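As C-alpha cells, the structure follows; a few thoughts come after it.
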Amino acid sequence: MKKLFAIIAMVAACSFGATSSIMAQEDDADATEMVDNAAADTAAVDTAAAEEVVEAVATIVEEENEGIFKTLKTKYIEGGAGFMSLVAIALVLGLAFCIERVVYLTLAQINTRQFTKKLADLVAAGKIADAIELCKGTRGPVAQVSRKAMECLDSTDRNDIATIERTINMEAEVQGSYLEENCSWVTLFIAMAPSLGFLGTVIGMVQAFDDIQRAGDISPTVVAGGMKVALITTIFGIIVALVLQIFYNYILAKIESLTGNMEETAQELLVMCVKSDKCKK
C-alpha cells in the first residue's frame with residue numbers, strides 16, 4: 001500500500017514538472033514573440049521617422065536652392081540687363097578658356113621620372129630609334145623636348161653636344177609658349193569683369209543724380225534706385241574676377257610644374273647624350 005502511494009506521488013511530481021516546463025516554454029515563446037513584435041514595431045517606426053527626416057531635409061535643401069536661384073535672378077534683373085549680361089558673358093568666356101587650359105595641362109602631365117628612366121635605358125643600350133618611338137608615343141612637352149634631343153643624337157651632322165643643347169633649349173621655349181597659350185584671354189576677362197562692374201557703378205550714380213535732378217529733392221527713396229544698381233553691378237563684377245583669378249592661379253601652378261619638369265629633363269638629356277657613343281664630344 002505504501003509502495004502504491006509512493007508510485008502515485010512520483011507520477012504526480014513528474015507530471016507537475018513536465019507541465020511547469022511546458023508552461024515555462026510557452027511563456028518564453030510568448031515573451032519572445034512579444035519582443036519580436038515590439039522590435040518590428042520599433043524598426044517600422046524608426047524607418048518611417050528616417051524617411052520623414054530625409055524628406056524634410058530634401059525639402060529644405062530644395063527650398064534653399066530655389067531661394068538662392070531666385071535671389072540671384074532678382075539681383076541680376078535689378079542690376080540692369082545690359083551690364084549684368086556683359087559681366088555674365090565675361091564669366092562664361094573666361095571659364096571656357098580656363099577649362100580648356102586645365103584640360104590641356106592635365107593631359108600634358110606624365111610620370112617624368114619613369115619616362116626618363118626608360119629613355120636612359122634605351123640610350124644606354126644604343127637603341128636610339130626605340131627611344132624616338134617612345135617619345136612619339138608619349139604626350140606632353142617633356143616627351144617632345146626629349147624627341148628633339150633623340151633625333152639630334154640619331155643624326156650624323158647634329159649629334160654634337162652643343163647642337164643638342166641648343167635644340168633642347170629652343171624646343172623647351174616652344175613648348176613653354178604652348179603651355180601659356182590662351183592665358184592672356186583669361187587675364188583679359190579677369191580685368192574686364194570688375195571694370196564692367198565699376199562702369200555699371202558709375203552709370204548707376206549718374207542715374208541717381210538724374211533722378212535727384214528730376215525730383216528736385218534729395219531723398220533716400222530717389223537715390224536708392226541708382227545706388228542699388230551701382231552696388232549690384234560692382235559686386236557681381238568682383239565675384240566674377242575672383243572666380244577667374246582662382247582658376248588662373250591654378251593654371252599658373254600647373255604651368256610652373258611642367259616647366260620645372262622640362263628643365264629637369266633637359267639636364268638629364270644632356271647627361272644621356274654625353275654618355276652615348278653616338279654623341280660627338
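Fair warning: this is a prediction, and the values are worked out from it, not measured in the lab.
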[X]: which residues meet the side chain to side chain contact (heavy atoms under 4.5 Å, CB included) condition with it, sequence neighbours left out?
X: L95; value: L91, V243, L244, F247
X: A266; value: I168
X: A90; value: F189

What pairs meet the salt bridge (charged side-chain N to carboxylate O under 4.0 Å, His left out) rule with one or both residues in residues 144-157, with sequence neighbours excluded?
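Counting only pairs at least two positions apart or across chains, the salt bridge (charged side-chain N to carboxylate O under 4.0 Å, His left out) contacts touching residues 144-157 are R147-E151, D154-K278.
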
Pairs touching residues 108-124 that satisfy salt bridge (charged side-chain N to carboxylate O under 4.0 Å, His left out), sequence neighbours left out:
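Applying salt bridge (charged side-chain N to carboxylate O under 4.0 Å, His left out) to every pair that reaches into residues 108-124, excluding sequence neighbours, yields K117-D121.
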
With sequence neighbours left out, write down each residue that passes salt bridge (charged side-chain N to carboxylate O under 4.0 Å, His left out) with E268, or none if nothing qualifies.
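E268 satisfies salt bridge (charged side-chain N to carboxylate O under 4.0 Å, His left out) with no other residue.
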
According to salt bridge (charged side-chain N to carboxylate O under 4.0 Å, His left out), who are the partners of K136, at least two apart in sequence or on a separate chain?
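If we apply the salt bridge (charged side-chain N to carboxylate O under 4.0 Å, His left out) test to K136, skipping adjacent residues, there are no hits.
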
Is any side-chain heavy atom of V87 closer than 4.5 Å to a side-chain heavy atom of T233?
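No, too far: nothing below the 4.5 Å cut-off.
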
Applying a strict under-4.5 Å side-chain criterion to I, L, V, M, F, W and Y, I'd like to know whether V271 and L269 cluster together.
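Each belongs to a different hydrophobic cluster.
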
What pairs meet the ring-ring contact (aromatic ring centres under 6.0 Å, His included) rule with one or both residues in residues 120-140, with sequence neighbours excluded?
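Non-adjacent pairs meeting ring-ring contact (aromatic ring centres under 6.0 Å, His included): zero.
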
If you look only at distance, which donor and acceptor atoms sit under 3.5 Å apart when one is on a side chain in residues 254-264 and the other is two or more places apart or in another chain?
{"from": "K254", "atom 1": "NZ", "to": "Q109", "atom 2": "OE1", "distance (Å)": "3.3"}
{"from": "T259", "atom 1": "OG1", "to": "I255", "atom 2": "O", "distance (Å)": "2.8"}
{"from": "N261", "atom 1": "ND2", "to": "S257", "atom 2": "O", "distance (Å)": "3.3"}

So, taking the atom named [atom1] in [X] and the one named [atom2] in [Y], what distance separates them when rounded to the nearest 0.5 Å?
X: L252; Y: E180; atom1: CG; atom2: CD; result: 8.5 Å
X: D277; Y: I128; atom1: CG; atom2: CD1; result: 9.5 Å
X: L188; Y: L93; atom1: CG; atom2: CG; result: 9.5 Å
X: C152; Y: R158; atom1: SG; atom2: CZ; result: 4.0 Å

With no hydrogens and no angle check, just 3.5 Å: does a side-chain donor-acceptor pair link N249 and Q245?
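A donor-acceptor contact under 3.5 Å links the two side chains.
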
For N111, what residues pass the side chain to side chain donor-acceptor pair (under 3.5 Å) criterion, not counting sequence neighbours?
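N111 satisfies side chain to side chain donor-acceptor pair (under 3.5 Å) with Q114 once adjacent residues are dropped.
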
Side-chain donor/acceptor pairs under 3.5 Å, residues 98-107, sequence neighbours excluded:
{"from": "E100", "atom 1": "OE1", "to": "N182", "atom 2": "ND2", "distance (Å)": "3.2"}
{"from": "R101", "atom 1": "NE", "to": "E181", "atom 2": "O", "distance (Å)": "3.0"}
{"from": "R101", "atom 1": "NH1", "to": "Y178", "atom 2": "O", "distance (Å)": "3.0"}
{"from": "R101", "atom 1": "NH1", "to": "L179", "atom 2": "O", "distance (Å)": "3.0"}
{"from": "R101", "atom 1": "NH1", "to": "E181", "atom 2": "O", "distance (Å)": "3.3"}
{"from": "T106", "atom 1": "OG1", "to": "V102", "atom 2": "O", "distance (Å)": "2.6"}

Sequence neighbours left out, what passes ring pair (Phe, Tyr, Trp, His ring centres under 6.0 Å) with F115? Give chain and number order.
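Expected list: none.
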
